[in-house]
Amino acid sequence: MDKQDSQDDHKMNDSQKTPEKKQALTTCLFSAAFFGALGSSFLYGYNLSVVNAPASYIKEFYNKAWMERYGEPIPSETSTLLWSITVSIFAIGGLLGTLSVSLIIKVAERKGTLLLNNCFAVTAALLLSLGEMSRSFEMLIIGRIVIGVNSGISLSVLPMYLGEISPKHIRGSIGQFNSILICLGVFTGQVLGLPELLGQESRWNYLFSFLAFPAVLQLCVLPFLPESPRYLLMEKKDEAGAEKAFQKFLGKTDVSQELEEVHAEARAQDNVNAVSVLQLLRSPAVRWQLITIIITMACYQLCGLNAIWYYTNGILRDAGFAEHLLPYVTLSTGGIETLAAIFSGLVIERIGRRPLLIFGFSSMAVFFSLLTIFLNFQDRVSWMPYLSYSCILAVIAGFCLGPGGIPFILTGELFEQSYRPAAFMIAGTVNWLSNFAVGLLFPFIQEKLQSFAFLVFVAVCTLGSIYLCVVLPETKNKTFMDISQSFAKINKMPQLSPGQEMELVLSITPESEKAADVKNMESSL
């Protein structure tokens with residue numbers, strides 16, 4: 001009897017899993033992921049690298065504008081301060097954008113917020129590209145704040161939207177569009193900044209005009225794509241709209257199982273309305289999910305990838321590369337970033353989020369350690385700088401394989417619908433504050449510790465790996481309700497009883513399979 005029940009249960013599980021495995025990526029879902037990321041994540045990545053190539057020309061423009069206003073050259077301290085503000089104010093804008101997400105998303109919804117966000121991108125493009133013509137360095141600084149606001153909103157809303165529109169078996173791959181387009185944006189900024197293209201004194205303002213192009217492309221495509229079906233069903237109570245959205249995204253007419261899965265998730269929640277940040281912080285039901293996201297997002301910024309750019313050009317010079325070749329050799333870093341992110345997107349549903357994150361942080365710790373050793377022997381051995389540069393490429397690859405994109409995916413996966421907006425606000429705040437802290441503190445750490453500064457990042461990556469290994473469960477191919485239940489024990493919350501499990505299974509099981517399911521459940525009880 002038990003053997004027969006086990007066979008029936010195995011057949012039932014196979015019948016439920018097979019359609020998901022056969023289900024292909026639809027044009028609608030791909031378009032939402034690609035164009036959503038193009039007008040969001042891509043712009044964030046592009047703005048991380050775009051100011052590097054024209055830095056000397058922008059400083060010279062600041063000096064000319066100062067001369068025209070005050071009749072004397074700009075003091076060196078003022079020039080340094082203005083440039084530092086121009087670069088770092090991007091993170092402040094990002095924090096402001098993150099803090100505004102919960103308010104905007106209530107009014108404009110998921111897709112509408114992404115569309116509205118393009119207004120910030122176009123405004124920033126105008127301010128940044130017209131600042132030189134107007135002889136106003138203030139326009140450049142304000143433009144950097146505005147594009148920072150755009151990025152802060154993007155990095156909160158896009159992962160939320162992608163996680164809610166994706167089937168569970170490809171949710172990780174769709175979520176990695178965020179990381180891939182960030183890396184592609186960095187690489188594009190490096191390419192367009194080459195001297196033969198826009199990295200010239202007469203063309204550098206066109207580098208900022210380009211910001212409007214991805215935003216306009218998103219505005220042309222995204223309005224024709226559906227809103228998040230989970231949002232429509234759970235928060236707007238629009239079952240007909242949710243059904244149509246699921247049908248478009250999944251490319252099939254029968255979406256009853258998906259609708260029932262969302263209904264089951266709603267029944268399992270105490271409150272389907274969006275909670276505030278304060279309510280999320282006080283809730284014991286998601287305490288360890290919140291701790292996990294805070295630690296993961298802090299490690300995402302504090303792991304040392306941003307700081308490594310300080311050393312790249314110096315190592316290349318020590319390796320014997322001519323100054324005029326440095327921009328071309330540096331392209332390898334952007335290329336490695338993009339390839340590693342694409343590879344991660346291809347394997348994330350096979351390997352899982354947890355192994356990629358742990359491997360990524362662990363490999364970064366190893367190569368940061370080797371880089372410290374190689375830097376200390378760089379002046380003694382002629383070929384040592386090449387090993388140092390290889391370590392830099394390995395660190396970048398390790399970052400993009402896991403930590404580069406998965407923290408954003410996890411923020412959407414570890415929290416149920418009502419907690420998600422507040423969770424992204426907290427994660428985004430940690431992200432931007434950590435980003436600002438690295439930019440502010442690393443020059444002092446570098447001055448004190450010199451080449452041993454990277455040992456700080458070895459400690460961060462090692463501790464992050466240990467925490468994730470101990471606490472984080474695998475979320476691959478699980479429903480949001482399954483993921484929430486996997487934290488129930490550590491949160492000291494009651495888990496679903498067998499009777500409740502049977503009720504929820506029945507609620508998402510097709511009618512033809514319910515009889516067999518009841519039989520198996522009763523025998524197990």
Side-chain angles (χ1 to χ4, degrees), residues 25-47 94 97-98 100-101 104-105 107-122 124 147 149-168 170-186 188 210-232 241-242 244-246 248-251 338 341-342 344-345 348 404-413 420-421 424 427-428 431:
L25 175 65
T26 63
T27 302
C28 183
L29 187 56
F30 176 83
S31 298
F34 178 77
F35 287 100
L38 182 67
S40 304
S41 312
F42 178 88
L43 290 179
Y44 168 69
Y46 184 80
N47 280 282
T98 298
S100 67
V101 162
I104 298 174
I105 210 169
V107 178
E109 304 175 354
R110 268 60 162 170
K111 188 184 76 171
T113 301
L114 290 175
L115 289 171
L116 181 64
N117 199 28
N118 290 301
C119 296
F120 292 108
V122 174
I147 198 62
V149 171
N150 170 273
S151 295
I153 295 172
S154 294
L155 294 186
S156 295
V157 180
L158 179 70
M160 194 187 313
Y161 179 65
L162 296 183
E164 290 179 7
I165 67 175
S166 306
K168 63 182 180 182
I170 56 171
R171 191 169 58 228
S173 296
I174 294 298
Q176 279 296 72
F177 272 81
N178 181 50
S179 175
I180 293 169
L181 269 293
I182 288 176
C183 297
L184 189 59
V186 171
T188 303
F210 181 77
L211 290 171
F213 180 63
V216 171
L217 279 178
Q218 190 188 79
L219 282 170
C220 292
V221 176
L222 210 58
F224 301 99
L225 300 175
E227 177 57 87
S228 161
R230 287 181 173 273
Y231 172 81
L232 291 173
K244 289 179 182 178
F246 268 130
K248 285 188 177 181
F249 281 130
L250 305 182
T338 306
I342 292 172
S344 178
I348 189 171
I406 295 178
F408 297 98
I409 297 173
L410 284 180
T411 305
E413 289 186 328
R420 207 166 287 140
F424 269 102
N431 175 36

Tell me whether the count of non-hydrogen atoms from other residues, nucleotides or ligands lying under 6.0 Å of NZ in K248 goes above 12.
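Counting other residues, nucleotides and ligands, NZ of K248 stays at 12 neighbours or fewer.
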With side chains defined as the heavy atoms from C-beta onward, is the minimum distance between [X] and [Y] less than 4.5 Å?
| X | Y | value |
| --- | --- | --- |
| L25 | S173 | no |
| N431 | T98 | no |
| L155 | N178 | yes |
| I105 | F424 | no |
| P229 | I165 | yes |
| I406 | I348 | yes |

Exam field: side chain [X] to backbone [Y], donor-acceptor pair closer than 3.5 Å:
| X | Y | value |
| --- | --- | --- |
| T26 | F249 | yes |
| S100 | G97 | yes |
| R171 | S166 | no |

So F177 and F30, would you call those rings parallel, tilted or perpendicular, with 30° and 60° as cut-offs?
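F177 vs F30 ring planes: perpendicular.
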Assign the ring pair F42 / Y46 to parallel, tilted or perpendicular, where the plane angle (0 to 90°) is split at 30° and 60°.
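It falls in the parallel class, under 30°.
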Identify the heavy atoms of [X] and [Y] that sit nearest to each other, and give their distance.
| X | Y | value |
| --- | --- | --- |
| R110 | P421 | NH2-CG, 4.2 Å |
| G39 | L43 | O-CD1, 3.5 Å |
| P226 | Y161 | O-OH, 2.7 Å |
| L114 | S40 | CD2-OG, 3.7 Å |
| Q218 | P223 | O-CD, 3.8 Å |
| F210 | P214 | O-CD, 3.1 Å |

May I have the step-by-step check of side-chain contact (heavy atoms from CB on, under 4.5 Å) for N118 and L222, ending in yes or no?
CA-CA 11 Å; N118 290 301; L222 210 58; 5.8 Å; no
Enter the distance from [X]:[atom1] to [Y]:[atom2] here, rounded to the nearest 0.5 Å.
| X | Y | atom1 | atom2 | value |
| --- | --- | --- | --- | --- |
| I153 | L116 | CD1 | CG | 7.0 Å |
| M160 | Y231 | CE | OH | 10.5 Å |
| Y44 | L181 | OH | CG | 14.0 Å |
| L232 | E109 | CG | CD | 6.5 Å |
| F224 | S31 | CZ | OG | 12.0 Å |

Counterpart residues, side chain to side chain donor-acceptor pair (under 3.5 Å), relative to S228 (two or more places apart):
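Expected list: E164.
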Intermediate values then yes/no, side chain to side chain donor-acceptor pair (under 3.5 Å), N117 and S154:
CA-CA 7 Å; N117 199 28; S154 294; 2.9 Å; yes
Name of the residue among I104, L158, V101, V107 meeting side-chain contact (heavy atoms from CB on, under 4.5 Å) with T113
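Exactly one option meets the side-chain contact (heavy atoms from CB on, under 4.5 Å) with T113, and it is I104.
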